[in-house]
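Remember, it's a predicted structure, so these values are computed and weren't measured experimentally. Order of the sequence lines fixes the chain letters, A, B, ..., with proteins taken first and strands second; residue numbering starts at 1 for each chain.
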There are 2 protein chains.
Amino acid sequence: MITKIKGNRKQQIIDKATSLFQKQGYAATSMRDLASYIGIEAASLYSHIKSKEEILQTICFQMANDFFNSLEKVESENLSADIRLKNAVASHVKVLTKDSAASAVFFSEWRHLSDKYLKEFLDMRNSYENKFIQILIDGYKEGVFKKMDAKFTVLALLSSINWMPSWYKPEGQLSPEEIAENVTDVFINGLKIRS
Amino acid sequence: MITKIKGNRKQQIIDKATSLFQKQGYAATSMRDLASYIGIEAASLYSHIKSKEEILQTICFQMANDFFNSLEKVESENLSADIRLKNAVASHVKVLTKDSAASAVFFSEWRHLSDKYLKEFLDMRNSYENKFIQILIDGYKEGVFKKMDAKFTVLALLSSINWMPSWYKPEGQLSPEEIAENVTDVFINGLKIRS
DNA sequence: CCTACCGATCGGTAGG
DNA sequence: CCTACCGATCGGTAGG
């Protein structure tokens, strides 16, 4: 039996790079670092990838697409705003926890993308945030959410979730579903006991 | 009149470094970069600082101390938990917005500290988070907050605030006080209309 | 604060 | 996938 190792090498490079970029940051990770972890020479990496930045691009846009697609599915269901917010948070957390190392890189290393990709990336992020903002505005119109600064609230909401990759461990006590539930509960209901 | 430029040079180096570390990251900022922005040669920097890392240490521990002292003042006032939470958030936002570039460096570049300082830094951060956790636990005991995962909630709360330096501009519409009020309101009262 | 310079390391290429 | 190597750049020091 011939094992398909060849096609996996590129993915192996990307996976190891993801882990190193998360731990040390993109700029502080050298191609020699990466190569030695994989067990080949640095020069050999370039048979599989074009450049160091290409690896970062792959990680960032893969994650961006996952987030986007996941959110679009939620939107297509056309439910009431509070349920949609709940589902959107759940979908966000699910994508995030599926590969928390890639998520961490996605959230903190994107600024090392070169101009063209940086612009594309920021456009996608902006558009993603706007979808959340729309849910909050809809909720206000539907009379289920208070009047608020929707953009501010969305940034606070996403930030509180996005920090997770820095402490989330799959073997921890909280499942992705519980995390989503906790976050949604705090943001929708607040901490105060309702009287 | 003789202007005291000599004593200001070190601060000027730290300020410029703060700005560059925020924009490009610590690892991607070279001492030559920094020197040329200041208008001297790279070698001349070392008349004022011992090493590149010393600059990072100065920024990180300066901010850590500011956060710490500010929170201790809030705690010494011995108020009820919900008011203390409100004040703690306000104090945190105030420190954060006073120098948002330094805050951004503090939050995302600390991992480049060498072992000894890294440990010290993480100990301080842990102890800071624990003070917030204690406020939530007190709030539960006092019957003003719901039963919740206090650690999780604090991490979500601090994360949502700490992301701010990436978008906060002093000339923006929201004052530090309004930001603190918005954050506290969401976390304490939630988005849902109380019925 | 500068000139001159150090050894180490960087991302990447040529050619096999 | 390797050897051999490129030019560029890194943090930092010596000596003035």
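Rounded to the nearest 0.5 Å, atoms OG (A/Ser19) and CG (A/Asp99) are 10.0 Å apart.
DNA chain D is contacted by both A/Gly39 and B/Tyr46; A/Gly39 maps to the nucleotide lying nearer its 5′ end (nearest heavy atom per residue).
Spacing between atom CD1 of B/Ile55 and atom C1' of D/dG12 amounts to 13 Å, rounded to whole angstrom units. The CG atom of A/Leu34 sits 14 Å away from the C1' atom of C/dG12 (whole-angstrom rounding). When the C1' atom of D/dT13 is taken as reference, atom CD of B/Glu41 falls 15 Å away, rounded to whole Å. The distance from atom NZ of B/Lys50 to atom C1' of D/dT13 is 16 Å, rounded to the nearest whole Å. Rounded to an integer number of Å, the gap from B/Met31 CE to C/dC5 P is 22 Å. Taking atom CG on B/Leu20 and atom P on D/dG11, their separation rounds to 12 Å, with Å as the unit. Atom CZ of A/Arg32 is separated from atom P of D/dT3 by 13 Å (rounded to the nearest Å). B/His48 places its NE2 atom 8 Å from the C1' atom of C/dC1, with the value rounded to the nearest Å.
Of all nucleotides listed (D/dG11, D/dC2, C/dC1), D/dC2 comes nearest to the side chain of A/Ser44. Set against D/dT3, C/dC1, D/dC1, the side chain of A/Ala43 has D/dT3 as its closest nucleotide. Checking C/dC1, D/dG12, D/dC1 against the side-chain heavy atoms of A/Ser47 singles out D/dC1 as nearest.
Between B/Ile135 and B/Lys131, every side-chain heavy-atom pair lies at or beyond the 4.5 Å cut-off.
Within the 4.0 Å cut-off from OP1 or OP2 of C/dT9, not a single side-chain nitrogen or oxygen of A/Ser30 is found.
Using bins of under 30°, 30° to 60° and over 60° for the plane-to-plane angle, the ring pair A/Tyr26/A/Phe21 lands in the perpendicular bin. Relative orientation of the A/Phe107 and B/Trp163 rings is perpendicular, given thresholds of 30° and 60° on the angle between their planes.
Remark: aromatic rings of B/Phe121 and B/Phe106 are close, center separation under 6.0 Å.
C/dC2 and D/dG15 make up a base pair, with Watson-Crick or G-U wobble contacts both under 3.5 Å.
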